[in-house]
Amino acid sequence: MEISDDKKIGDKELESKNFIHNIIEEDIRTQKYGGRVHTRFPPEPNGYLHIGHAKSICLNFGTATKYNGKCNLRFDDTNPAKEDTEYVDSIKEDVHWLGFDWEGREFYASDYFETLYEYAIKLIKKGKAYVCDLSQEEMGAYRGTVTQPGKDSPYRNRSVEENLHLFEQMRAGVFHDGSKVLRAKIDMAHSNMLMRDPILYRILHTDHHRTGDKWCIYPMYDFAHGQSDSIEGITHSLCTLEFEVHRPLYDWFVKELEIYAPQQIEFARLNLTYTVMSKRKLLTLVKEGIVRGWDDPRMPTICGLRRRGYTPESVRNFAERVGVARRDQVIDVALLEFCVREDLNKKAKRVMGVFNPLKVTVTNYPEGQVEWLEAINNPEDETAGTRQVPFSRELYIERDDFMENPPKKFFRLAPGAEVRLRYAYFLKCEEVVKDTEGNVIELKCSIDPASKGGNSPDGRKVKGTIHWVSANHALKADARLYDRLFLKEDPEDTGEDCDFKVNLNPESLVVKECYVEPFLKDAQKMDKIQFERIGYFCVDPDSTASKLVFNRTVTLKDSWAKIAGKEEGADNK
RNA sequence: UGUCCAAUGGUGUAGUGGUAGCACAGCAGAUUUUGGUUCUGUUAGCCUAGGUUCGAGUCCUGGUUGGACAACCA
């Protein structure tokens, strides 16, 4: 796979520093690893990647790039019961989409099963590991608690020969699942629970997605991860804070095994307001049909963000801006939204689309006449060029752009008021047509023919410019208006006996039919556009030749909504 | 009633003993054929009590608050 130019990593992302970079620069200075920098991104292939993983991906790959080092993609596949190639494929796609390349260094912990087995033998021979027959419940009891020391297993003092023999038999499939484990012999009274003779291997007669039925014993995370780092020559093993307590064990293994020692450095995982991030909760959303799947545009998964219309650059920029530190972080989702607006503002073509149509008849414009008017595709990018937009006697404008009794600061259309139709004419409202119930159903307006293109030769100013489409030329399309999935900043902030689902936003998806200009008829799936004055959208893969489907990525900032909101608040006082 | 980790504006993040800075959010204004963008200004911060020092956000000690740790998960 090639990485296209627009996915290349920008200089900006290489400039900033964090505490990990400080450590690395010191290590380079002291030649701790001969000046090498080698990181890795180590997902377990048991689920889809989310924005939190994106932070880790950007940190690991970005750090390698910054210091002319390397970053491996390594699948931590030591639990065959949960893992699958389906996830391997999606993870590779997502990492690549983000703009990173592992240059063929695609590794698997399962690649090292044989070496890991030999490492275990070495530990047994040193008297540092033993086969234990305690049941799961018994082992729990022997382990003690965080405030009380554990006690030694009765199997702790088996001879090296017996342990060797038993471990060989474990591998040979002599024992059934759960009947025996291999444990490290460390200290059952250690203040760190993980050092109380942790399990190295368990028996699992389950086929592995890569090694098939070759193994019926599998290494635990702690015995596999650090040694995999060591085998790959990783210098800085970056992981999240919850692995901090594992570090003494990580160091213990490389020391006892007398192998190359990478260093583990922990950083805070990413949390977002109005968002749940745990795999379990995301799975709940999918399984219960609350969202349409892992790539539902409301999901914080990378594939969800992609379908929502986020760009790799915007996600990378976000990862850069959130920073890397050791205190828990809850990032305002507004920062994510800012990042995507920032990128899309530079890239998205502007087009007009009407979401809540109100019919306008231009009474002084001849029936049947059509003019094609020139419109700028992107004021932020001259190379985006221009397009032609059809104008005719019958138009649709946005219902919100007309008020019969407007407040002072309302610059849009009102009886007797004049606005500019973008790229077209000044338009004046002459008459309001209502149905029998008093609802406004149509506006009869006139244009100033001299103002064609949007400026009047007499220098007359209008304060408002509104968007429109020609009724007979407009395409009907579906718009999926996405919003935050949860109503509360902290979805976990629930009453007693409630779970996060009580905080779901019932309007996180509103489907609307809209009218868009004919320019869009050739739009391709995943194309990103801005409907002027509305928001950024992308073309959903569900689109067909006969009907386009647009996903709202994010709204435009709306300072009118703020003003209007304040007026309303004032009225209520 | 344990061990470890953390604490800087609303949210994040810099500051490595010497004038607390940046981003987002907020507020005010300018520009504008998107009430978008852009630009300008502005509100707001070192958890606490001691100690070391000429000088402490930074170093030390105690406290407070928050987090992690008792899967044959990773």
Side-chain angles (χ1 to χ4, degrees), chain A residues 16-19 22 42-44 46 76-79 81-83 109 132 134-136 139-140 143-150 177-183 190-194 196 198-204 217-218 220-222 224-225 239-248 266 268 273 279 320-339 341-342 345-346 350 352 375-376 379-380 409-412 419-424 426 453-455 462-467 489 530-536 555-564:
Chain A
S16 66
K17 284 214 292 185
N18 54 53
F19 83 97
N22 291 339
E44 182 188 11
N46 72 339
D76 230 327
D77 56 348
T78 56
N79 185 359
K82 291 185 175 175
E83 297 149 5
C132 182
L134 249 28
S135 71
Q136 210 162 140
M139 205 177 291
R143 191 156 32 225
T145 69
V146 288
T147 54
Q148 289 173 312
D177 288 6
S179 58
K180 284 181 169 50
V181 292
L182 182 73
R183 303 175 71 177
H190 201 109
S191 61
N192 181 341
M193 299 287 294
L194 286 156
R196 320 241 265 226
I199 295 171
L200 270 36
Y201 272 89
R202 76 282 215 189
I203 301 170
L204 237 41
I217 55 170
Y218 292 94
M220 297 289 288
Y221 164 84
D222 285 300
H225 197 94
C239 61
T240 45
L241 247 27
E242 67 268 28
F243 291 99
E244 187 170 16
V245 288
H246 294 246
R247 187 166 10 110
E266 311 86 19
T273 56
K279 273 182 186 171
E320 186 57 53
R321 282 168 198 260
V322 299
V324 180
R326 286 176 62 82
R327 58 186 125 154
D328 297 328
Q329 62 174 197
V330 184
I331 303 289
D332 190 340
V333 74
L335 180 62
L336 218 209
E337 295 171 346
F338 167 83
C339 288
R341 282 194 192 103
E342 181 190 42
N345 177 49
K346 292 181 291 189
R350 273 62 168 172
M352 294 192 284
I376 294 165
E380 308 295 320
K409 287 179 183 165
F410 187 80
F411 305 142
R412 286 116 90 147
V419 291
R420 172 165 38 230
L421 292 175
R422 178 136 237 228
Y423 300 123
F426 285 5
N455 281 307
V462 290
K463 194 94 173 163
T465 301
I466 64 171
H467 61 275
E489 258 191 45
Q530 182 199 102
F531 281 120
E532 293 212 26
R533 307 208 300 136
I534 305 285
Y536 293 101
T555 60
L556 252 31
K557 277 198 354 193
D558 187 354
S559 49
W560 166 245
K562 275 179 197 166
I563 297 167

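All chains are named by letter (A, B, ...) in the order of the sequence lines, taking the proteins before the strands, and each is independently numbered beginning at 1. This one's a predicted model, so the numbers in the text were calculated from it and none came from an experiment.
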If you take atom types as modelled and just measure distance, does the side chain of [X] reach the base of [N] with a donor-acceptor pair under 3.5 Å?
| X | N | value |
| --- | --- | --- |
| A:Arg327 | B:rU8 | yes |
| A:Gln530 | B:rU34 | yes |
| A:Arg412 | B:rG35 | yes |

Just to be sure I understand the rule, does [X] reach a base, reach only the sugar-phosphate, or reach nothing, if contact means heavy atoms closer than 4.0 Å?
| X | answer |
| --- | --- |
| A:Glu380 | base |
| A:Arg196 | nothing |
| A:Val462 | nothing |
| A:Val322 | sugar-phosphate |
| A:Ser559 | sugar-phosphate |
| A:Gln136 | base |
| A:Asn46 | nothing |
| A:Thr273 | nothing |
| A:Asn192 | nothing |
| A:Leu556 | base |
| A:Leu241 | nothing |
| A:Asp177 | nothing |
| A:His246 | base |
| A:Pro379 | base |

Contact nearer the 5' end of RNA chain B, comparing A:Lys463 with A:Ser191 =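 In this pair, the answer is A:Ser191.
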Considering heavy-atom distances to RNA chain B, does A:Ile534 or A:Arg202 have its closest nucleotide positioned more toward the 5' end?
->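 Result of the comparison: A:Ile534.
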Closest to side chain of [X], choosing from [options]:
| X | options | result |
| --- | --- | --- |
| A:Arg143 | B:rC24, B:rA70, B:rG35 | B:rA70 |
| A:Asp328 | B:rG2, B:rA25, B:rG67 | B:rG67 |
| A:Gln329 | B:rA74, B:rU13, B:rU34 | B:rU13 |
| A:Glu532 | B:rA74, B:rA25, B:rU34 | B:rU34 |
| A:Met220 | B:rA71, B:rU1, B:rU3 | B:rA71 |
| A:Asn18 | B:rC24, B:rC4, B:rA14 | B:rA14 |
| A:Glu244 | B:rC5, B:rU34, B:rA68 | B:rC5 |
| A:Val330 | B:rG12, B:rC72, B:rU37 | B:rG12 |

Paired nucleotide for [N] [Watson-Crick or G-U wobble; both distances under 3.5 Å]:
| N | answer |
| --- | --- |
| B:rG45 | none |
| B:rU58 | none |
| B:rG66 | B:rC5 |
| B:rG12 | B:rC22 |
| B:rG29 | B:rC39 |
| B:rG17 | none |
| B:rU34 | none |

So, does [X] get its side chain near the phosphate of [N], meaning an N or O under 4.0 Å from OP1 or OP2?
| X | N | result |
| --- | --- | --- |
| A:Lys279 | B:rA74 | no |
| A:Arg247 | B:rU3 | no |
| A:Arg326 | B:rA7 | no |
| A:Lys17 | B:rG15 | no |
| A:Thr145 | B:rG2 | no |

Look at the side chain of [X] and the backbone N and O of [Y], then say whether any donor-acceptor pair between them is shorter than 3.5 Å.
| X | Y | value |
| --- | --- | --- |
| A:Asn192 | A:Val245 | yes |
| A:Glu83 | A:Asn79 | yes |
| A:Thr465 | A:Arg420 | no |
| A:Arg350 | A:Glu532 | no |
| A:Arg196 | A:His190 | yes |

Euclidean distance for [atom1], [N] against [M] (whole angstrom):
| N | M | atom1 | result |
| --- | --- | --- | --- |
| B:rG29 | B:rU65 | C1' | 41 Å |
| B:rG41 | B:rG63 | C1' | 42 Å |
| B:rG67 | B:rA28 | P | 36 Å |
| B:rA20 | B:rU16 | C1' | 15 Å |
| B:rG21 | B:rU53 | P | 29 Å |
| B:rC47 | B:rC73 | P | 42 Å |
| B:rU52 | B:rC60 | C1' | 7 Å |
| B:rA74 | B:rA68 | C1' | 15 Å |

Taking the inter-plane angle between the rings of A:Phe243 and A:Tyr221 on a 0 to 90° scale, is it parallel (under 30°), tilted (30 to 60°) or perpendicular (over 60°)?
->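 Answer is tilted, since the angle falls between 30° and 60°.
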Which distance, rounded to the nearest 0.5 Å, do you find between the [atom1] of [X] and the [atom2] of [Y]?
| X | Y | atom1 | atom2 | result |
| --- | --- | --- | --- | --- |
| A:Asp222 | A:Leu194 | CG | CG | 6.0 Å |
| A:Lys180 | A:Ile217 | NZ | CD1 | 13.0 Å |
| A:Gln530 | A:Glu380 | CD | CD | 9.0 Å |

Using a strict cut-off of less than 4.0 Å between a Lys/Arg side-chain nitrogen and an Asp/Glu carboxylate oxygen, indicate whether A:Lys82 and A:Glu44 qualify as a salt bridge.
->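 No.
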To the nearest Å, give me how far apart [atom1] ([X]) and [atom2] ([N]) are.
| X | N | atom1 | atom2 | answer |
| --- | --- | --- | --- | --- |
| A:Arg321 | B:rC24 | CZ | P | 6 Å |
| A:Leu204 | B:rC72 | CG | C1' | 8 Å |
| A:Lys562 | B:rG29 | NZ | P | 13 Å |
| A:Asp77 | B:rC73 | CG | C1' | 14 Å |

Is B:rA20 syn or is it anti, if syn means the base angle is within 90 degrees of 0?
->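 For B:rA20, whose glycosidic angle is more than 90° from 0, the conformation is anti.
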According to the 5.5 Å centroid and 30° plane-angle thresholds, does A:Trp560 stack upon the nucleobase of B:rG35?
->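 Per 5.5 Å and 30° rule: yes, stacked.
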